[in-house]
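Just so we're on the same page: letters track the sequence lines, and every chain starts at 1. The figures that follow rest on heavy atoms only: side chains count, while hydrogens, waters and symmetry mates do not. On a predicted model such as this, the values are computed, not experimentally measured, just so you know.
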There are 2 protein chains.
Amino acid sequence: MHLYTLEEVNFLTDITKMVAEIGNSGNVCHDCKDISCAAAILNYKELDQVRNNSRESTLKKGEVILHEGSLTSHIIYLKSGLVKEYVKIGGESEQILQIVKDHSYLGLPSLFGDRINHYSYAALEDCRICYIDINVFNSLIRKNGSFGYEILVSTSRDNLNNFNRFLNRSQKKIYGRVADAILYFAKIIYESQKFDLPFSRQEFADLIGVSRESATRVLIKFKAEGIIGLKGRTISIEKMELLEQISQRG
Amino acid sequence: MHLYTLEEVNFLTDITKMVAEIGNSGNVCHDCKDISCAAAILNYKELDQVRNNSRESTLKKGEVILHEGSLTSHIIYLKSGLVKEYVKIGGESEQILQIVKDHSYLGLPSLFGDRINHYSYAALEDCRICYIDINVFNSLIRKNGSFGYEILVSTSRDNLNNFNRFLNRSQKKIYGRVADAILYFAKIIYESQKFDLPFSRQEFADLIGVSRESATRVLIKFKAEGIIGLKGRTISIEKMELLEQISQRG
DNA sequence: ATGCAGATGTGATAAATATCACAAATAAAT
DNA sequence: ATTTATTTGTGATATTTATCACATCTGCAT
């Protein structure tokens, strides 16, 4: 049984008040360029219902959006920016589960599972997010089956992707894992052969589940072998085929 | 892009024919004692639709129900029995993802994700399963939002549980993992302090992601310390608190 | 009972990776 | 620009776990 701190209760109450009093501060969902695939199939009336029970907000890089263990009163939709999903391990270290790109809901499985957030979320870039009242969201799913179906599809895909990454990870040795992470950023997150890591070496290591030192060593070895370019947090893939081989062989 | 072997296509065609020609062979869904939580909220007419497009079947221990990579034409619901969900690794070894208990659907995320089964399923005991036409299932979700909502809840819970087990695993050392697996069987699968493992030491090792030899060694050490009783495949927990401590400490 | 095949247990060794203790390089603050 | 703090890189070592090579056991069929 989870008990809530005063801080948590106040936080939830604040959001609820904010949404109730101020509404969506002029934003109109049906004109929103960042609307989700699922919400795109809602009709005008339904979107208006969302609008009247949601609120947009912005976050600075580094800010925490949700803490694991907290109670859910609002769904969070990421309109723009990049977010890390993670769990804390024994107070100090953390395990990063995935990098969430814009146009995604945060923590839907937690919401439908037991309403307690299982993972934490923090902004890796400045972000714009929408808080949507959980009751409105649930009633839309019940009333509009196609909306529910779309949500089901998106959570299922997410589930498969994450599980797949974890499965791969648990089978591969450290070289394969580092290769995977680089390819993950290049292909899925940034869609570019050259990119800036949005975080430190420690966090890079937390993403692939190895020690910082080991991760560093492998990155430097890849650089020495001309597989990647590496300068600070900037990575460029120089030998894509070789990197993919390393990823596959484990 | 996934291509299908003739064998796979024939298999799918066979099931479709079977269901179309024979129907549910006398079984009536609204009288079914093994109905899923989600299907329990369907009305008479909707259940009749399911009935006319489904078929029950039985499987012997050891038989494979679904192969990873195969195409999905029917949803599979486990009425009774125990099933392992696994993936093959490099032809020889395998990684067991979870043990599926009765009254569960198999592979829903694969179904909604991309219609290709990502995992394999094999019977650990004699099983009864229902094949349900995927189009009927999907149209029920779209037409009856509450049904979709229930499916969403159950896949979300499943997702959280599995992910949680994997997260724990990737953080824990071998003693913690073995303790976890024993507690998993005792608390979740069999709900008893004493139980028979439904498979070999190799499969036990595949479940926790370690080598057979290492798993064996830890089991024997637990026995030597009086934490568990161990005779062949029968395990009894003797010192629950200690076992839970080992599980938590990792 | 006898023999056989698969499953299980055991020791020795090798491989992979974490940890520790610093040094060097960057970034941030004054 | 200088100091301070944080991040990153590096070598030596310790730990953990896999692998290999067999021995032993168990259940099953003859």
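Annotation: cation-pi pair A:Arg201/A:Phe204 absent, no NZ/CZ under 6.0 Å from the ring centroid and within 45° of its normal.
The closest side-chain donor-acceptor pair between A:Asn117 and A:Thr72 falls under 3.5 angstrom. Between A:Tyr119 and A:Glu68, the side chains place no donor N or O within less than 3.5 Å of an acceptor N or O (distance only, hydrogens not considered). Side-chain atoms of B:Arg165 and B:Asn162 include a donor-acceptor pair closer than 3.5 Å.
Within residues 208-217 of chain B, the residues that have a heavy atom under 4.0 Å from DNA chain C are, in order of number, B:Arg212, B:Glu213, B:Thr216, B:Arg217. If you check residues 165-183 of chain B against DNA chain C, you find no residue with a heavy atom closer than 4.0 Å.
Taking the C1' atoms of five terminal pairs at each end of the helix from C:dA1-D:dT30 to C:dT30-D:dA1, the two resulting helix axes are inclined by 40°, rounded to 10°.
The environment of B:Lys88 atom NZ is dense: over 12 non-hydrogen atoms of other residues, nucleotides or ligands sit within 6.0 angstrom.
The distance between atom CZ of B:Arg201 and atom C1' of C:dG9, rounded to the nearest whole Å, is 9 Å. Atom pair A:Gln202:CD and D:dA5:P shows a separation of 20 Å (rounding to whole Å applied). If you measure from atom CG of A:Leu230 to atom C1' of D:dG9, you get 11 Å, rounded to the nearest angstrom.
Atom OG of residue B:Ser36 and atom CD1 of residue B:Ile75 lie 10.0 Å apart, to the nearest 0.5 angstrom.
A distance below 6.0 Å separates the ring centres of B:Phe185 and B:Phe195.
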